[in-house]
S.K.: 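Below is a structure I'd like to ask you about.
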Amino acid sequence: MTVAPGAPGSVTSIADDVRSGRRSAASVLAEHHARIARAEADVHAFNLVLHDVATEAAAAVDEAIAAGRDPGRLAGVPIALKDNMCTRGIPTTCSSKILDGWKPPYNATVVSRLADAGAILVGKTNLDEFAMGSSTENSAFGPTKNPHDLAKVPGGSSGGSAAAVAAGFAAASLGSDTGGSIRQPASLCGLVGIKPTYGAVSRYGLIAFASSLDQIGPFTHSVEDAALVLEVISGHDPMDSTSIDAPPLNLVDAARLGVSDGVAGLRVGIVTELSGDGISADVLARVEVAADRLRAAGATVDRVSVPSTVLGLSAYYLIAPAEASSNLARFDGVRFGLRVSPASGGNVQDMMAATRAAGFGPEVKRRIMLGTYALSAGYYDAYYGQAQKVRTLIINDFKRAYESFDVLLTPTSPTTAFAFGAKTADPMTMYINDVCTIPSNLSGDPAISVPCGVGVDGMPVGVQLLGPALSEARLLRAAAVIEMGN
Amino acid sequence: MVIKAGWDLVVGLEVHAELATKTKLFCGCENVFGSEPNTNVCPVCLGLPGSLPVLNEQAVELAMRVGVALHCEIRPSIFSRKNYFYPDMPKDYQVTQYDLPLNSNGYLDLPNGTRISVERAHMEEDTGKSTHLGGTGRIQGSEGSLVDYNRSGVPLVEIVSGPDLTSADDAKAYVAEMRGILVAAGASDGKMEEGSMRVDANVSVRRPGAGLGTRCEIKNLNSLRSLLRAIDYEANRQIDLLESGERIAQETRHWSEADGRTSSMRSKEEAMDYRYFPEPDLVPLVPSSEWIVAVTRGLAPMPGDRRRVLSAATGWSVATTDIGFAPNAEAIVTVIEQDLDALVLGAIDAGADARRAVNRAANELAGQSATIDAVAFATVLRLEDDGKLTATQAKAVIAELVVNGGDPHAIIAAKGFEALDTSVLEGLVDELITAYPSEFERLRAGDPKVTGFFVGAAMKRSGGKADGRAVTELLKSRAAT
Amino acid sequence: MTNVDGPTDATKRRSLRRTDVVHVAGLARLALTDAEIDLYTADLASILGHAEDVASLDTTGVEPTAHPLPLVNVFRADVVRPSLDRDEVLAAAPGAAADQFQVPSILGVSA
Ligand SMILES: [Mg+2]
Ligand SMILES: [Zn+2]
């Protein structure tokens, strides 16, 4: 069973229509609300659908239009938000029992930027608890289904955000990507997904999983839509010390240039280490198709070795849990969220331990345990310290590759969407899903997953383009070329 | 109290000083003491999910001032997370400089000349404050503890001394001197009573010549008196244990001022494992050499330098002894503490006697909020020296200058303090010698008590305007001829 | 960063014991059941076994990367910004009394 794909208009067309008065924000919202009403029960993309708040926001956009004011570049565009980004007065749960019912007293910077651009927030989307997972099966509120096949996972951790766009509940959504959590579900749901350069989008108000890896990025149906949303949410934020203070990215033009002018002279490298063992044949075939499309548009394509990427998965599963073990310490039952008191009473430390035991799910506990161990006395140097050095090796390897190549091409996910329960028995089986996406989180470089046909099962396949820091424009231009062949 | 003979005391101190910024270390909440609970809090200092820290530049500036004042090397630093669960620490980790502190390898010279090494002076964030309620707490029917996060995220420097202090008195002098330095640098208000300066003491004992003994860390030292008492108590506790053949357990101990004793704070928790790692939400702090030079140039004179200048001007030593400050040194210290040295040095510049300037400032101006003009001050001191004013008159004029300011000569005239002209005074003395010949003979014979008689008589005849010292000098010279 | 040096050879690393996991659960403030301790003992051993490629790698002369960004010296000015409304903050707290956050008794502190 599937949900009828497609949305009532792209981001670009909705914004154009609303800004020019052809459609009202209210009517656009009503169409999306109608789709949600029809199919959300099957998909479970949302932890929370916003009705009144969204309706008011749409009315405000329409009033602005009526008064001759420009509501912004995303005027009236319904957008869904991964439920790990803070929304003032609106529950924000990270799909965890430990935050059930918590209403942040502030907005994430991306939320303010979307609102300032006239976007309409339609809901908070489901995720693997605290963004830890690759299938959305780790949500405390139940899994999200892949709209292309409800028996299959949408990927994760931003599975709800991917499903919401794929099912036409929103024209675009935001996810967060720590090891592939935007790109992998984008691939599995047939969408464009971008993990921007680390520091390009403010993390203020994003509930941290692994601070040195996390980035917020968009899901959309098209490359141009992704470019537009990323232009709106990126840019320097004084509230985030790791935010890059660089000139604005000029992305929409780059995407259009790909369509009009191709990619003449672009040097594309297919990463050997990420395009062989462990990647299913039909996915590898789609990578070759993407390469052909780039070649046809003027690119040269060669193989390139980035040897230390094979260490990425291990390094990631030391660094990310280590940072997470510290980031998730604050969920202690003292200031917000769940509090569980032991039956025997006890002191504050007992309360904290009981709260955390009851509030966190099994995968979150597993990663907290792993990260705590990796940082603990006697093991720091062997695990966290070594992983940081591997990070250096990966960065250096990429730098070397970018001396000869402008962009790198890899699969996004080793397989198409898999069935529920298929990879839950052994944690490593699930972790391997991120093998192709993890290296760019470790290096901090941007990456994009763009749809490139379907696999033997008829499910979407995405391919991934990687580039050096702040090369988003280049990636979008190349992605537009791949997209054109669809 | 002193420690038992045959043992040496070794003390290292950790001083936590709150930096005198307007806002907290990583957020824009006000850094102020005494607000209503939980009114200076935001997502960052409450550790709410999604919040991120941004470093306060002024906190770095003040921490660098501390480093320069303590002769430290100032080097690039990174912040780390020190992970442990505690309810008054909102993120359940503390952001602190761990293996790369901003300031390291400095020293502090005690007034007695002893140099104490400063291993590091690093930046970190303060915690909130918790209050234990208990069954009969001040909140009716309440149990457990209450937490106020106003202090959470207030910028601190933690200044760690080497294990160089060998007596409780030196430890006290170190803290007093540190306070003076922090205040002079404008880095902290140094108020121990408000907790803006807090001290932990690492105390151990050893036989003379032996290696370092096992140390205990003493917490809750809220005053210099607590520091003195706790160190002596702890040293003797350890000596008693060692003399009875027991071992010292390395642990943290809590000082109770009421009980006059330390007690173990060790809970059933296992040994702490803080799992330090670089704080990924912050970027490295790399102070430029220009910045360091600017901070160094802009630093106000430190108490030690000021003492040296005053000491050179007066010839007084400022060294302390085991029983405390020498009287002269005490006057200089008072002058320094009350920020009167500029006035004193100004007065000396304007021709006042250095010792008189220090003494009069320490005795008459300490604790006065008003400033007084150095030249006017010097004028009064010189008139006193020249015998134009009596001591009592000089003090009265200084008091008037403090309250209303003005020209000292005008004040003297208004108060009728015009001292007698020398020729008038000579005439007066000669009159008295003529009037009391037998008393004058006794004076010539060397009876000192008669001097007082003549001075009293001179005061009476002049209506208090005669200067006692001038009269005495005149009598001496008349008796010698 | 130099934390206390400990076992660095693979043999010692592989000998993850149940008691280590109990200790880590204490550090992580997680009241785990016996079944969870067993589960995570096995899981951690498996994951750390996979991570042996990183742990045993010769990284002589390689500097660690804590952060992908080359940024330094990011500051804010010392300017007061509005704080949160206390009632809103305390309304979100699981326990509050007397304008403060209320928690069960804190062990090991007498004042
Ligand atoms: Mg400290
Ligand atoms: Zn704050």
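Residue numbering restarts at 1 for every chain, and letters A, B, ... go by the order of the sequence lines.
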S.K.: Using a 4.5 Å cut-off on heavy atoms from C-beta on, say whether the side chain of A:Gln386 contacts that of C:Pro64.
M.R.: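 Contact flag for C:Pro64/A:Gln386 side chains = no.
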S.K.: For A:Met369, run the side-chain contact (heavy atoms from CB on, under 4.5 Å) check against C:Leu27, C:Leu30, C:Thr41 and tell me which one passes.
M.R.: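 That would be C:Leu30; it is the only one of C:Leu27, C:Leu30, C:Thr41 passing the side-chain contact (heavy atoms from CB on, under 4.5 Å) with A:Met369.
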S.K.: Could you measure the distance from the CG atom of A:Asp332 to the CZ atom of C:Arg29? Nearest 0.5 Å is fine.
M.R.: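 Those atoms lie 10.0 Å apart.
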S.K.: Chain A heavy atoms under 4.5 Å from C:Leu84: which part of the residue, side chain, backbone, both or neither?
M.R.: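 Only the side chain of C:Leu84 comes within 4.5 Å of chain A.
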S.K.: Checking an interface table here. Which of residues 313-328 of chain A come within a heavy-atom distance under 4.5 Å of chain C?
M.R.: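 Residues A:Ser314, A:Ala315, A:Leu318 are the ones that qualify, each having a heavy atom under 4.5 Å from chain C.
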S.K.: Supply the atom-to-atom distance A:Ile244 CD1 to C:Leu69 CG, rounded to the nearest 0.5 angstrom.
M.R.: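 These two atoms lie 5.0 Å from each other.
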S.K.: I need the minimum non-hydrogen distance between A:Gly346 and C:Pro104, along with the two atoms involved.
M.R.: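 Shortest heavy-atom contact: O-CB, 3.8 Å.
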S.K.: Do C:His50 and A:Tyr431 have their ring centres less than 6.0 Å from each other?
M.R.: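 No - the distance between ring centres of C:His50 and A:Tyr431 does not fall below the 6.0 Å cut-off.
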S.K.: Between C:Val24, C:Val74, C:Leu32, which residue shows the highest count of heavy-atom pairs closer than 4.5 Å to chain A?
M.R.: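 Result: the option with the highest number of such pairs is C:Val24.
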S.K.: Side chain from CB out, backbone as N, CA, C, O: work out which of these in A:Pro427 comes under 4.5 Å of a heavy atom of chain C, or both, or neither.
M.R.: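 For A:Pro427, the side chain is the part near chain C, not the backbone.
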S.K.: Is there a side-chain contact between C:Leu57 and A:Leu393 in this structure, where contact means two heavy atoms from C-beta onward sitting under 4.5 Å apart?
M.R.: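 The answer is yes, as the side chains (C-beta and beyond) meet within the 4.5 Å cut-off.
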S.K.: Pick one of side chain, backbone, both or neither for C:Leu90, based on which atoms fall under 4.5 Å of a heavy atom in chain A.
M.R.: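 No part of it gets close to chain A.
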S.K.: Please state whether the side chain, the backbone, both or neither of C:Asp43 comes within less than 4.5 Å of a heavy atom of chain A.
M.R.: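 The side chain, not the backbone.
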S.K.: Does a side-chain N-to-carboxylate-O contact under 4.0 Å join C:Glu36 and A:Arg366?
M.R.: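 No, no charged N to carboxylate O under 4.0 Å.
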S.K.: Any side-chain heavy-atom pair from C:Phe75 and A:Pro238 closer than 4.5 angstrom?
M.R.: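 No, side chains not in contact.
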S.K.: For C:Leu71, is it the side chain, the backbone, both or neither that has a heavy atom under 4.5 Å from a heavy atom of chain A?
M.R.: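 Looking at C:Leu71, just its side chain touches chain A.
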S.K.: Tell me, do C:Ser46 and A:Met428 make a side-chain contact under 4.5 Å, heavy atoms counted?
M.R.: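 Heavy-atom side-chain distance check passes, below 4.5 Å.
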